[in-house]
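Every value quoted in this text rests on a predicted model; they were computed, and no experiment measured them. Letters go in sequence order (proteins before strands), and every chain restarts at 1.
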Amino acid sequence: MLQRPRGTRDFLPDEMERRRLIEQRMLEAARRWGYREVCTPDFEHLELFTMKSGEGIIQEMYTFEDKGGRQMTLRPEVTAAVLRMYVNEGKVLPKPIRWCYVADCFRYERPQKGRYRQFWQFGIELIGADTASADAEVIMLADEVLNSSGVTFDLHVGHLAPMKHLLTDLSPEGQRAIMACLDKRDQGALEAALDELDHGHLSDPLAALSGCRTIEEIFEIAGDVPERARIEDTFALLDAQGIDYLPDFGIARGLDYYTGMVFEGFAQNLGAENQIIGGGAYRLAHLFGGDDVASCGFAIGFDRVMVSIGDFPLDSGTIVGVVCTPEARERALEAARAFRGAGFRTEVDLMQRGMGAQIAHAAKTADFAVVLGRREVDAGTVTLRNLETGEQREINLDDAIAEVARHGDR
RNA sequence: GCCAGGGUGGGGUAGACGGUUAUCCUAAGGGACUGUGGAUCCCUCGACCCGGGUUCGAAUCUCGGCCCUGGCCCCA
């Protein structure tokens with residue numbers, strides 16, 4: 001038998017309904033902040049992602065050559081594509097631009113809990129606003145979107161400036177190496193790397209940076225960095241709005257293109273892969289031929305959110321099963337159409353089963369049975385049976401619809 | 001790429017010092033039952049992940065692969 005590809009999943013209807021419900025809540029939260037949904041291609045030129053993240057990531061991407069000999073790839077993330085889209089078509093739009101998306105991404109990695117080769121991200125990008133208010137809005141929206149999903153999480157918010165200030169004497173490669181150690185919270189590797197770069201004296205301040213939990217301490221350690229006012233303003237806005245977060249200036253995100261504010265969120269029940277959101281302020285558009293516009297955004301690991309919140313009961317709405325004898329089939333289809341027209345999920349027997357078997361089936365899958373036979377056809381009525389209580393009445397179609405509607409309202 | 005534990009009908013399982021027709025539950029389809037319930041009874045359907053090796057004989061032992069679960073690495 002054919003297997004599905006490694007690291008991919010099939011979703012049965014119950015799971016799809018849960019996923020769509022959570023997705024809709026996230027989109028709705030974003031919509032209320034003015035973020036409108038966009039969509040970019042599932043595949044892009046390979047170059048788009050190597051420009052952003054370097055050649056090293058190719059081995060973890062689904063790359064292929066198309067029939068025209070172009071090097072293409074299934075998108076491994078969405079931000080680069082959205083910024084390409086901005087450069088292609090968004091430059092003339094009034095700033096700031098607020099966009100959001102839900103998109104599947106592909107990475108060739110070893111699957112484990114909460115990590116798949118095809119996975120979905122919910123994200124937003126705020127383009128063209130370079131202020132503390134913009135940074136704060138993105139964090140507040142992240143908080144609201146995650147809360148709307150019902151996931152419980154810890155939010156860590158930081159800024160790269162203090163760390164970069166401490167590392168200012170180091171070469172870009174050196175900075176990158178140190179930030180990688182900090183991102184991993186690997187004290188041993190950090191000290192080794194610092195010694196190798198002849199900056200052992202930075203070990204204590206860097207450790208203190210990761211450890212401190214108020215912004216006053218930050219500037220005691222890192223000095224009066226130019227971004228101080230911006231950082232203080234951002235955090236003051238978050239505090240004023242009652243956002244529950246942890247200042248964390250040890251976040252390095254290991255990335256070259258983040259320029260200022262950075263944040264991460266972590267959920268429970270997730271094992272080793274417990275980060276469910278990452279984001280921050282960045283500059284990318286100039287890489288794709290646009291202006292050097294400031295942007296800020298985040299991406300949520302949608303599948304991880306779903307794993308973390310677990311299964312929950314679904315309200316499938318009121319379901320109607322139409323049961324009929326052969327001579328009443330046409331009338332049954334009419335009745336079904338009327339119930340569907342009233343908005344009810346309505347299923348008609350297709351198996352040519354006997355009346356008893358049809359009702360037995362309806363009892364398993366529906367809330368009401370609408371029974372139609374010779375008697376109802378002659379009388380122009382339907383028999384409506386409540387499959388919970390077993391009560392049934394022979395009434396006209398409109399009354400039956402009204403009664404089912406009352407059940408749905410309760 | 002590395003490590004650990006796994007893989008028996010659609011789901012859940014028994015069988016394991018190698019030995020009859022591979023167990024049971026459940027689901028699904030049919031029937032008892034051509035106008036009324038999830039019960040009951042009967043029937044049907046349907047599995048040893050793939051390949052090599054050892055053997056008279058492999059679900060069982062062995063090797064390799066694939067896949068699953070979790071961890072490492074990575075995490076744009």
Asks: Applying the side chain to side chain donor-acceptor pair (under 3.5 Å) criterion to A:Thr383, which one of A:Arg393, A:Gln392, A:Arg375, A:Glu376 satisfies it?
Replies: A:Glu376

Asks: Does the base of B:G30 carry an N or O that pairs as donor and acceptor with the side chain of A:Arg353 under 3.5 Å?
Replies: no

Asks: Can you confirm if the aromatic rings of A:His156 and A:Phe263 lie within a centre distance of less than 6.0 Å?
Replies: no

Asks: Please determine which of A:Glu403, A:Glu394, A:Glu391 meets the side chain to side chain contact (heavy atoms under 4.5 Å, CB included) test together with A:Leu384.
Replies: A:Glu403

Asks: If I take atom NZ in residue A:Lys113 and atom P in nucleotide B:C73, what distance separates them, rounded to the nearest angstrom?
Replies: 18 Å

Asks: For the side chain of A:Arg107, counting heavy atoms from C-beta on, which of B:C75, B:A28, B:U36 is nearest?
Replies: B:C75

Asks: Any donor-acceptor pair, under 3.5 Å, between the side chain of A:Arg110 and the base of B:G70, if you only look at N and O atoms?
Replies: yes

Asks: Let's see if you can work this out: which of B:G71, B:A76, B:G37 has an atom nearest to the side-chain heavy atoms of A:Ala363?
Replies: B:G37

Asks: Taking the same atom, C1', in B:G1 and in B:G19, what whole-Å distance lies between them?
Replies: 43 Å

Asks: In the strands shown, is B:A58 matched to any nucleotide by a Watson-Crick or G-U wobble pair with both distances under 3.5 Å, and which?
Replies: none

Asks: What is the pairing partner of B:U34, taking Watson-Crick or G-U wobble pairs with both distances under 3.5 Å in any strand?
Replies: none

Asks: Once you round it to whole Å, what is the distance between P of B:G30 and NE2 of A:His361?
Replies: 10 Å

Asks: With P as the reference atom in both, quote the distance from B:G15 to B:G71 in angstrom, rounded to an integer.
Replies: 30 Å

Asks: Counting Watson-Crick and G-U wobble pairs only, both distances under 3.5 Å, name the nucleotide matched with B:G46, or none.
Replies: none

Asks: Inspect the contact between A:Glu125 and A:Arg98 and indicate whether a charged nitrogen and a carboxylate oxygen are less than 4.0 angstrom apart.
Replies: no

Asks: Check every atom of B:G37, B:G30, B:A76 against the side chain of A:Leu387 and return the nucleotide holding the closest atom.
Replies: B:G37

Asks: Counting side-chain heavy atoms from C-beta on, which of B:A76, B:C73, B:G37 comes nearest to A:Glu60?
Replies: B:A76

Asks: Looking at B:C72, which nucleotide sits across from it as a Watson-Crick or G-U wobble partner, both distances under 3.5 angstrom, or is there none?
Replies: B:G1

Asks: Tell me if the centroids of the rings in A:Phe11 and A:Trp120 come within less than 6.0 Å of each other.
Replies: yes

Asks: Would you mind pulling out the nucleotide paired to B:C17, Watson-Crick or G-U wobble, both distances under 3.5 Å?
Replies: none

Asks: Between A:Asp10 (CG) and B:C68 (C1'), how many Å, whole number?
Replies: 14 Å

Asks: Could you tell me the Watson-Crick or G-U partner of B:A39, where both distances fall under 3.5 Å? Say none if there is no partner.
Replies: none

Asks: Look at the side chain of A:Gln358 against the base of B:U36 and say whether a donor-acceptor pair falls under 3.5 Å; ignore hydrogens and angles.
Replies: no

Asks: Would A:Phe119 and A:Phe302 count as a close aromatic pair, with their ring centres under 6.0 Å?
Replies: no

Asks: Quantified in whole Å, what is the C1' atom distance between nucleotide B:C45 and nucleotide B:A28?
Replies: 8 Å

Asks: Any donor-acceptor pair under 3.5 Å joining the side chain of A:Glu77 to the base of B:C75?
Replies: no

Asks: What does B:G10 pair with, Watson-Crick or G-U, if both distances are under 3.5 Å?
Replies: B:U26

Asks: For the base of B:C68, is there a side-chain donor-acceptor partner from A:Arg4 under 3.5 Å away?
Replies: no

Asks: Considering only side-chain heavy atoms of A:Glu109, which listed nucleotide, B:G35, B:A76, B:C74, is closest?
Replies: B:C74

